[in-house]
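FYI, side chains are in, hydrogens and waters are out, and symmetry mates aren't considered; it's all heavy atoms of this structure.
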Amino acid sequence: MPKDHNKKKRIIKAAMDVFARDGLQKGTVDKIARQAGVAKGTVYEYFPSKEAIFEGVLYEFFLSVSQNMKKALEKESDPVQRFDTMVDLMFDQWDYIIAHPDEYEWIILYEIFLYVLRKQREGHSHSLLEDITDQVFTLFEPMFEIIPGSQNHGQDITDTKLKSYLLFSALDGITNYYFMLHTRYDPIKMREITKDFLKRGLGIENRSREDKS
């Protein structure tokens, strides 16, 4: 019997509300069911365990982020501007958190991420994190259309995925430390330096919209 996707999303939203209020340990399936307005058995129809709810929450979040990033990038026809947009989107996520200190969703998501990572390392979870990161890395692959040498015949799909991983890891690390140390730096200057730094390292032509016209 096909499942109701809207009901599944409602359960995930209820789980986030319960975890934010009661924490991961005290946020029981009973509480999640009451918050979602469904029977406890209905929750188990969609998620066979509490761990599966954790994974569902994490997957839904990254899926939403990936889809929003993809839509924003598709609006840019110029590949260099697309690269700049990608950097801006990464910074925008942390700027939102900085501007809304009373919203704790990101803390809950980080706790769930660490829990799933620990279970995966212990062999008690499938490759959810690999599935998630593969989706994110896919967004970076078109960037290599503008990197000198990327179109050489010797490059295969493995090279592109590896380079996408390295580029995402560098940008993710920069923006994470930006969040922790944001009071030390001018946010606009930080973005521009990051764009210039990465494009110079990758050998990307640093042109503006005005240069094109």
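Pairs of residues two or more places apart, or lying in two chains, that qualify as salt bridge (Lys or Arg N to Asp or Glu O under 4.0 Å) and include a residue from residues 35-51 are Asp30-Lys40. Within the structure, the salt bridge (Lys or Arg N to Asp or Glu O under 4.0 Å) test picks out the following pairs touching residues 11-20 (sequence neighbours left out): Lys13-Asp17.
By the side chain to side chain contact (heavy atoms under 4.5 Å, CB included) test, Ala52 is found to be paired with Phe47, Pro48, Ser49, residues two or more places apart in sequence or in another chain being considered. Listed by chain and number, the residues in a ring-ring contact (aromatic ring centres under 6.0 Å, His included) with Phe113 amount to none (sequence neighbours excluded). By the side chain to side chain contact (heavy atoms under 4.5 Å, CB included) test, Ile97 pairs with Trp94, Trp106, Phe179, sequence neighbours left out. For Phe62, there are no ring-ring contact (aromatic ring centres under 6.0 Å, His included) partners two or more places apart in sequence or in a different chain. For Glu105, the side chain to side chain donor-acceptor pair (under 3.5 Å) test picks out no residue, with sequence neighbours left out. In this structure, Tyr177 has no ring-ring contact (aromatic ring centres under 6.0 Å, His included) partners at least two apart in sequence or on a different chain. Here Lys189 pairs with Asp186, Ile193 under the side chain to side chain contact (heavy atoms under 4.5 Å, CB included) rule; sequence neighbours left out. Under the rule for a side chain to side chain donor-acceptor pair (under 3.5 Å), the partners of Lys31 that lie at least two apart in sequence or sit in another chain are Asp22. When the salt bridge (Lys or Arg N to Asp or Glu O under 4.0 Å) test is applied to Asp88, the partners found at least two apart in sequence or on another chain are Arg191, Lys195. Residues forming a ring-ring contact (aromatic ring centres under 6.0 Å, His included) with Tyr96 (at least two apart in sequence, or on another chain): His100.
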What's the verdict on side-chain contact (heavy atoms from CB on, under 4.5 Å) for Ile174 and Phe91, showing C-alpha distance, side-chain angles and the deciding distance?
-> CA-CA 9 Å; Ile174 290 170; Phe91 275 95; 4.2 Å; yes
Is there a side-chain contact (heavy atoms from CB on, under 4.5 Å) between Ser169 and Tyr165 once you walk through the steps?
-> CA-CA 6 Å; Ser169 299; Tyr165 159 73; 3.3 Å; yes
Is there a side-chain contact (heavy atoms from CB on, under 4.5 Å) between Asn6 and Arg10 once you walk through the steps?
-> CA-CA 6 Å; Asn6 289 330; Arg10 194 163 83 240; 5.9 Å; no
Given side-chain contact (heavy atoms from CB on, under 4.5 Å), test Tyr178 with Thr194 step by step and report yes or no.
-> CA-CA 11 Å; Tyr178 162 73; Thr194 299; over 6 Å; no
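Counting heavy-atom neighbours within 6.0 Å of Glu74 CD, excluding the residue itself, gives a total above 12. Within a 6.0 Å radius of OH in Tyr115, more than 12 heavy atoms belonging to other residues, nucleotides or ligands are found.
For the pair Phe61 and Ile112, the minimum side-chain heavy-atom distance is 4.5 Å or more. Contact of the Glu111 side chain with the Ile107 side chain is registered, since non-hydrogen atoms from C-beta on lie closer than 4.5 Å. In this structure, Val18 and Arg34 have side chains that are not in contact, with every pair of non-hydrogen atoms separated by 4.5 Å or more.
Minimum heavy-atom separation, Ala15 to Ile53: CB-CG2, 3.7 Å. Between Ala72 and Leu89, the shortest heavy-atom distance links the atoms CB-CD1, 3.9 Å. Scanning both residues, Leu171 and Leu198, for their nearest heavy atoms gives CD1-CD1, 4.0 Å. When every heavy atom of Arg82 is checked against every heavy atom of Glu76, the shortest pair comes out as NE-O, 3.3 Å.
Judged by distance alone, the side chain of Thr85 and the main-chain N or O of Gln81 form a donor-acceptor pair under 3.5 Å. Between the Asp196 side chain and the Glu192 main chain, no donor and acceptor come within less than 3.5 Å of each other. Counting only distance, with no hydrogens or angles, the side chain of Asn176 and the backbone of Asp172 share a donor-acceptor pair below 3.5 Å.
Distance check, rounded to the nearest 0.5 Å: OH of Tyr59 to OG of Ser66 gives 8.5 Å. With values rounded to the nearest 0.5 angstrom, Leu109 atom CG is found 11.0 Å from Leu114 atom CG. Between the CD1 atom in Ile11 and the OG1 atom in Thr42 there is a gap of 7.0 Å [rounded to 0.5 Å]. The CD1 atom of Ile32 lies 11.0 Å from the CE atom of Met16; values are rounded to the nearest 0.5 Å.
A donor and an acceptor atom, one from each side chain of Asp4 and Tyr46, are nowhere located under 3.5 Å apart.
Taking the charged nitrogens against the carboxylate oxygens, Asp84 and Lys199 do have a contact shorter than 4.0 Å, which makes a salt bridge.
Met90 and Ile188 fall into different hydrophobic clusters, where Ile, Leu, Val, Met, Phe, Trp and Tyr side chains are chained together by heavy-atom contacts under 4.5 Å.
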